[in-house]
Engineer: 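This is the structure I have questions about; it appears just below.
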Amino acid sequence: MPQPTPRHEPNLALHIEDLTVAYNDKPVLWDIDINVPPGVLAAIIGPNGAGKSTLIKAVLGLLKPSAGHIYLHGEPYAKQRRRVGYVPQRSSVDWDFPTTALDVVTMGLYGQLGWLRRPGRAARTKALSALEQVGMADYAERQISQLSGGQQQRVFLARALVQDAQVYFMDEPMAGVDATTERVIIGLLKKLREQGKTVIVVHHDLQTVATYFDFLLLLNVRLIAQGKTSEVYTAENLRAAYGGQIALLQTAQIPQTPPTVAETV
Amino acid sequence: MLEALLTNPSVVVPLVGALVGVASSLVGTFLVLRGSSLLADAISHSVLLGIVLVYLVTGDQYSPFFIAGAAAVGLLTVFLTELLTRSGRVKADAAIGLVYPFLFAIAVVLINVFARNVHIDTDAVLLGEIGFSWLDTVSVGGVEVPNALMTLGAVTLLNALFVGLFYKELKLATFDPGLAAALGFSPVLLYYLLLGLTSVTAVTAFDAVGAVLLVAFIIVPPSAAYLLTDTLWKTLALGVGIAVASSLLGYLAAIWLNVSIGGTMAVCTGVFLVAAFLFGPRYGLVAQRAQRRRQQGENAARTLVVHLYNHESKEEAGRENSVSALRQHLRWDDAKVSQVTAVGREQGLITLGPKRERLFLTDAGRRLAREVWEPWRRE
Amino acid sequence: MFEFDFTLRNVMLGAALLGVSSGVLGSFALLRQQSLLGDALAHAALPGVCLGFLLTGSREPLPIFVGALLSGALAAGFTMLLTSRSRLKTDAALGASLSIFFAFGLVLLTFIQSRSGSGQAGLEAFLFGQAAAIVPSDVRLMAVVAVAALLTVALLWKEFKLLTFDPQFAASLGFPRLPLELLLTSILAFAIVIGLQLVGVVLMAAIIIAPAAAARQWSDSLGQMVGLAALFGALAGVSGALLSASGRGLATGPLIIIAASLIALASLLFAPERGLIASAYRARGARRELEQQRVLLDMYGLAQQHSDPSYPSESGMLRALYGGSPEAQLRRLEAAGLAEHTTHVPGEGTHYRLTEAGWARAEAALNSLGHHA
Ligand SMILES: Nc1ncnc2c1ncn2[C@@H]1O[C@H](COP(=O)(O)OP(=O)(O)O)[C@@H](O)[C@H]1O
Ligand SMILES: [Mg+2]
């Protein structure tokens, strides 16, 4: 197999080419090309089952693509692991697990610790400060099942913060959370962007997407459009992504300008 | 003549096995389809407690109370399991694993303490004594009929009646409990009836096959049948067929090898399951593999045409729509590249450029790409 | 009472080892929602036990141990294959492989019996467990396996914890998910196989699940839960083994299981936080609080209507507003200093009015309900 140059598209935070992912040979992502520049707050949007979670899992090496390649800041994920943070969907774990909020946040450091080493005092300090950043310092010793959905989501976010990454992937961090949590989360995301980090978020709410994010990836099995929000947030693109479901949305808020070229950044 | 048949072990024993199998797989089909098969495991163990308690109270070895006691304990098992699950302290599988071993252990200790050297001993509890099922007989109109045949025949009839009468309701409650409730059937009632019948089946079959083997009869034939067909009545019919066939084959094999008859019958159901798993017409491993290979080829061809379609009208087309791009961008190895391009050309989807490097879509290829890419535009 | 002899010491040591290792590994199995995998592994060990015996012709622990492990692994593999490659759900796949493997084990068992005549091989002990059959070499093997299992868990504690709580995140950090899962499942299989002689294959599921479920009730920390589960497991094992050894030919397995189940039952009922009684009690308290608040707010409403903070509400009126008998509520409000009863007009029935504290409480309650907006 011919190897490309060691660093491929190093100027892009995320570079995906010709990605196809299949479950049991049924493709759910078809020939995706994505280029996300560094330092943006990007949303992945698309209807249920569009493959948004699948895309993130493929990027993080949790699924093996049947075609295509993925680079983060010019290197494959296996080499960039320590520079990537991940917030899985909240429903993907059992919150009745016997542990505290602080302990869950500490898990974000397990990768840096490596095998066998246990987290010590330094780890505890880092985890506590991350909890503080999400406004959860008072809940550090709380059993996680006693937290509200929004609080659990903030714990997950704090766990990603301690990863101290360059690129973050978050799967629906604002689904089903209270208004306070949503404010805290969006504030943090913006802060991360100010620090020059790239944040890529699966977002479910079309009403807020244009105000929160400056970069969009519209996905529905294939990539419908990508680019600056101002350029790709159009009725035409949304209709293409959501099919008939768009009728359910308040189209008044969506600009009716014709779409710009979708494939360029 | 009839009497001779009914006292001939090589007629009665496989017949008893077949009846156990038929009765079990009739109820088992719905448990498997509902995803509650492990309740069958729990029930078939815990009915022993019902049997022991009734025995200790009545001192009788044959009493209609056995049925009632077993049904009660069986339903108690289900009830306790659901209670534990609903309390949210343990998950459903752990609840099953907490409840039935407890009830079963109590039963075994009671046997150890009070009922040793009588009809129920602990080995029989697991193995059953189907080989002796022809010995206990009752007189029916002057003909000596084995007890097991009478009771199992009655239970088989009962289960068949239940399934026959409530076929439509069971089908609905199994596949769409919400709709069933909305239409005014009570899926919960039906479900408890089903589990009650499972308990009754378990207690009548207990002497013959014991607890664990009964689990095989309840779960395995319907599972094998489910791998062979999509239709409910066919699943039921095939399950019954597999159970009967397993009993006959199991009997013959066990006699030949001089080993446990019930055990061999259960192993035979397993053979059917493995066969269905490997060679089932649609869901079998072999069929799936063939289907998968076809699909993989098709997907690869589709990935190729979609790739070409995406780039053909852009300036990078020269770079992207080439054989080397497939290697570098799609990360296909040489073998796959040449295989897929060959398939694509065979199917008239693509043509190769003069230097065998550039790839071009044909009209058919473009049509396919558009179909994949923009399914909602399909004419 | 007992003769504290050599055999008994063996048995107790074995039972304690079994209890500790199955408590520890059962905790992980329970939290990974694989409780019944233990059941399948145990049932499926039977053919391996018989084959180990058939091939070596003796009850040496090692071949039997290896055989049990191999057939357990085969059954686990078959179950996984059925769930991933066929349309059968986990429950059917598990139940099918459990019963088929066990049936095959019975066939082998009867084959051995028919060959060795009436002498039998003493393998029936593997069905329900037989403490009396334990010999020192068994205990030594159990000790080696238990220590190895516990060491592995101690070394890979952090990794196993993360894998159990959030396997996807673990994989994203670069921990190899499949090998770790296989390792954890194999140690579980080890723990099960060393317990077969004591508990037997039939009831093994409970000694995996019950101590862990009991321990979960008492603690919200994984470390404490695992420690407690080990303790409960050992307690159940030793008490069951002692009872069984006390004579009368009671099978060991059922006694150990009853002990473990009773511990689980008591924990489910009586644990302070998660216990069902405690939470029923708390729920009753909350309900009472709510009822009390309703009466308080009724009085507040009447007082406001009459623009008189200390308006004496007539108890019949309150009854009508409350839709039932408010006496108990009123008595509690009075005891809490939120209301007091007054004699308004003689012969007109009891009247109640809010105290200042009661007034403040009512306003606070309304505020928290969002009525101020
Ligand atoms: N583990 C899986 N096995 C098979 N199909 C899956 C699996 N996970 C997701 N899918 C299917 O893949 C498609 C995309 O899923 P997902 O990425 O979760 O969508 P989204 O996150 O956009 O809602 C859906 O049709 C879903 O049914
Ligand atoms: Mg998703």
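Because only heavy atoms are used, hydrogens play no part in the values below, and waters and symmetry mates are left out as well, while side chains stay in. The shown structure was predicted, so the numbers you read here are calculated from the model rather than taken from an experiment. We name chains A, B, ... by the order of the sequence lines, and we start the count at 1 in each one.
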Engineer: In Å, rounded to the nearest 0.5 Å, how long is the span from CG of C:D220 to CD of A:E141?
Structural biologist: 11.5 Å
Engineer: Check the pair A:V93, C:D166 against side chain to side chain contact (heavy atoms under 4.5 Å, CB included), reporting the backbone distance first and the verdict last.
Structural biologist: CA-CA 6 Å; A:V93 306; C:D166 192 345; 3.4 Å; yes
Engineer: Quick one: of C:K161, C:Q33, C:R177, C:M225, who has the most non-hydrogen atom pairs under 4.5 Å with chain A?
Structural biologist: C:K161
Engineer: For A:L62 and C:S172, work out which heavy atoms get closest and say how close.
Structural biologist: CD2-N, 3.7 Å
Engineer: Would you mind checking which part of C:Q224 comes under 4.5 Å of any heavy atom in chain A, side chain (CB onward), backbone (N, CA, C, O), both or neither?
Structural biologist: neither
Engineer: What residues of residues 102-116 of chain A sit under 4.5 Å from chain C when you count only heavy atoms?
Structural biologist: A:D103, A:V104, A:M107, A:G108, A:Y110, A:G111, A:L113, A:G114, A:W115, A:L116
Engineer: Between C:T164 and chain A, with a heavy-atom cut-off of 4.5 Å, which part of the residue counts as in contact: side chain, backbone, both or neither?
Structural biologist: both
Engineer: With a 6.0 Å cut-off (strictly less than), is the heavy-atom count around OH of A:Y139, excluding the residue itself, greater than 12?
Structural biologist: no
Engineer: Name the member of C:G174, C:S219, C:S27, C:A170 that forms the most heavy-atom pairs with chain A at distances under 4.5 Å.
Structural biologist: C:G174
Engineer: Step by step, would you call A:D94 with C:R32 a salt bridge (Lys or Arg N to Asp or Glu O under 4.0 Å)?
Structural biologist: CA-CA 9 Å; A:D94 176 12; C:R32 295 177 66 213; over 6 Å; no
Engineer: I would like to know whether A:F97 and C:R216 meet side chain to side chain contact (heavy atoms under 4.5 Å, CB included); could you show each step before the answer?
Structural biologist: CA-CA 9 Å; A:F97 192 84; C:R216 178 67 189 92; over 6 Å; no
Engineer: Roughly how far apart are C:R274 CZ and A:S145 OG, rounded to 0.5 Å?
Structural biologist: 6.5 Å
Engineer: Counting only heavy atoms closer than 4.5 Å, note whether A:F169 contacts chain C via side chain, backbone, both or neither.
Structural biologist: neither
Engineer: Kindly compute the distance separating NZ (C:K158) from CZ (A:R118), expressed to the nearest 0.5 Å.
Structural biologist: 8.0 Å
Engineer: Within a reach of under 6.0 Å around CZ of A:R124, are more than 12 heavy atoms found that belong to other residues, nucleotides or ligands?
Structural biologist: no
Engineer: Would you compute the distance between atom CD of A:Q146 and atom CD of C:E273 and round it to the nearest 0.5 angstrom?
Structural biologist: 6.5 Å
Engineer: Could you report the tightest heavy-atom contact between A:Q163 and C:L173, atom names first, then the distance?
Structural biologist: NE2-CD2, 3.2 Å
Engineer: Once you round to the nearest 0.5 Å, how far does OG of C:S221 lie from CD of A:Q143?
Structural biologist: 9.5 Å
Engineer: Which answer fits C:E159, side chain, backbone, both or neither, if we ask what part of it has an atom under 4.5 Å from a heavy atom of chain A?
Structural biologist: side chain
Engineer: Among A:T100, A:V84, A:L60, A:D96, which has the most heavy-atom pairs under 4.5 Å with chain C?
Structural biologist: A:D96
Engineer: Using a 4.5 Å heavy-atom cutoff, which residues in residues 151-160 of chain A come close to chain C?
Structural biologist: A:F156, A:R159
